[in-house]
Amino acid sequence: MAHAHERHSRVVGLAIGLALLLVALGGWAGGPSPIAKTDRCPVCGMFVGRYPDFAAQIELAAGGVLHFDGVKDLFKCYLGQAGQDVGCKARDWGAVWVRDYVSLAWIDGRQAFFVIGSDVFGPMGRELIPFAAEAAARAFVEIHGGTRVLRFGEITPELIVQLD
């Protein structure tokens with residue numbers, strides 16, 4: 001009987017491990033697109049692959065993906081602050097992907113918690129730092145400072161301007 005229990009525990013452990021791996025790599029169906037060496041941020045022009053820990057992306061509902069070197073530039077595009085000449089004109093946005101600061105796993109940007117005002121800087125200076133869980137964001141604030149923990153819909157053009 002103990003062997004059956006051990007075998008069951010190993011199978012459950014492997015299944016959980018596989019599920020976590022798939023989530024970390026972008027999920028089952030859908031998920032973020034791979035970043036190529038040639039992908040440039042449409043806002044600042046930097047090569048996104050040089051900053052994988054801060055990378056973010058927006059899927060376009062009509063197809064295609066915009067890659068960003070940081071969450072701040074993603075919001076500049078999303079909120080219409082980047083100008084139409086860089087490909088960020090108002091459009092029907094699809095999924096938004098950001099990397100959890102602790103695990104570096106891709107997470108749904110619309111469900112993330114963002115810390116602003118911390119002592120952690122991204123490729124373009126002051127940055128919004130994303131987390132999958134509010135508790136992790138609050139723990140980060142205790143260590144790295146920060147003025148607020150915000151949800152996606154609370155981020156305004158005025159807040160982005162303050163980060164520049």
How about Leu66 and Cys77: do any of their side-chain heavy atoms sit closer than 4.5 Å?
yes
Evaluate the side-chain contact (heavy atoms from CB on, under 4.5 Å) criterion for residues Arg148 and Leu159: first the C-alpha distance (whole Å), next the side-chain angles of each, then the deciding distance (0.1 Å), finally the verdict.
CA-CA 11 Å; Arg148 293 169 70 186; Leu159 288 172; 3.9 Å; yes
Do side-chain atoms of Gln111 reach the backbone of Asp108 as a donor and acceptor pair under 3.5 angstrom?
no
Identify whether Phe131 and Val149 are in the same connected component of the hydrophobic contact network (ILVMFWY, side-chain heavy atoms under 4.5 Å).
yes
Output yes when Asp69 and Arg50 qualify as a salt bridge under the 4.0 Å nitrogen-oxygen rule, no when they do not.
no
Quick check: does any side chain N or O of Arg126 sit under 3.5 Å from a backbone N or O of Gln162, one acting as donor and the other as acceptor?
yes
From Thr38 OG1 over to His67 NE2, what is the distance, rounded to the nearest 0.5 angstrom?
9.0 Å
Shared hydrophobic cluster for Val65 and Leu74 (ILVMFWY, side-chain gaps under 4.5 Å):
no
Taking Ile160's backbone N and O only, do any of them form a donor-acceptor pair with Lys72's side chain (distance below 3.5 Å, no angle check)?
no
Do Leu163 and Leu128 have side chains that get closer than 4.5 Å, going by heavy atoms?
yes
Checking Arg40 side chain against Gly45 main chain: does a donor-acceptor pair fall under 3.5 Å?
yes
Does the side chain of Glu59 pick up a donor-acceptor pair with the side chain of Trp93 at under 3.5 Å?
no
Got a donor-acceptor contact below 3.5 angstrom from the Glu127 side chain to the Gly70 backbone?
no
Check for a donor-acceptor pair, side chain of Arg151 on one end and backbone N or O of Ala112 on the other, with a separation under 3.5 Å.
yes
Starting at OG1 of Thr147, measure out to CD1 of Ile116 and round the result to the nearest 0.5 Å.
4.0 Å
Which atom pair, heavy atoms only, marks the closest approach of Val48 to Ala55?
CG1-CB, 3.9 Å
If hydrophobic clusters are built by linking Ile, Leu, Val, Met, Phe, Trp and Tyr wherever their side-chain heavy atoms come under 4.5 Å apart, do Tyr51 and Phe68 end up in the same one?
no
Minimum heavy-atom separation for Val98 and Pro130, please, with both atom names.
CG2-CB, 3.7 Å
Taking Ile155 as the starting point, is it possible to reach Val96 by hopping between hydrophobic residues whose side chains are less than 4.5 Å apart?
yes
Identify whether Ile107 and Leu150 are in the same connected component of the hydrophobic contact network (ILVMFWY, side-chain heavy atoms under 4.5 Å).
yes
Quick one: pull up CG in Asp73 and CZ in Phe54 and give me the separation to the nearest 0.5 Å.
12.5 Å
What orientation do Phe140 and Tyr101 show, parallel under 30°, tilted 30 to 60°, or perpendicular over 60°?
perpendicular
For the pair Phe114 and Phe152, name the ring-plane relationship: parallel under 30°, tilted 30 to 60°, perpendicular over 60°.
tilted
Main-chain N/O of Ser33 paired to Gln57 side chain as donor or acceptor, under 3.5 Å:
yes
Pair Arg138 + Glu142: basic N to acidic O under 4.0 Å
no
Worked check of side-chain contact (heavy atoms from CB on, under 4.5 Å) between Val115 and Phe113:
CA-CA 7 Å; Val115 174; Phe113 296 86; over 6 Å; no
Short side-chain to backbone donor-acceptor contact, Ser118 and Gly145, under 3.5 Å
no
Can you name the closest pair of heavy atoms from Phe47 and Lys37 and give their distance?
CD2-O, 3.3 Å
Do Ile58 and Tyr78 have side-chain heavy atoms sitting under 4.5 Å apart?
yes
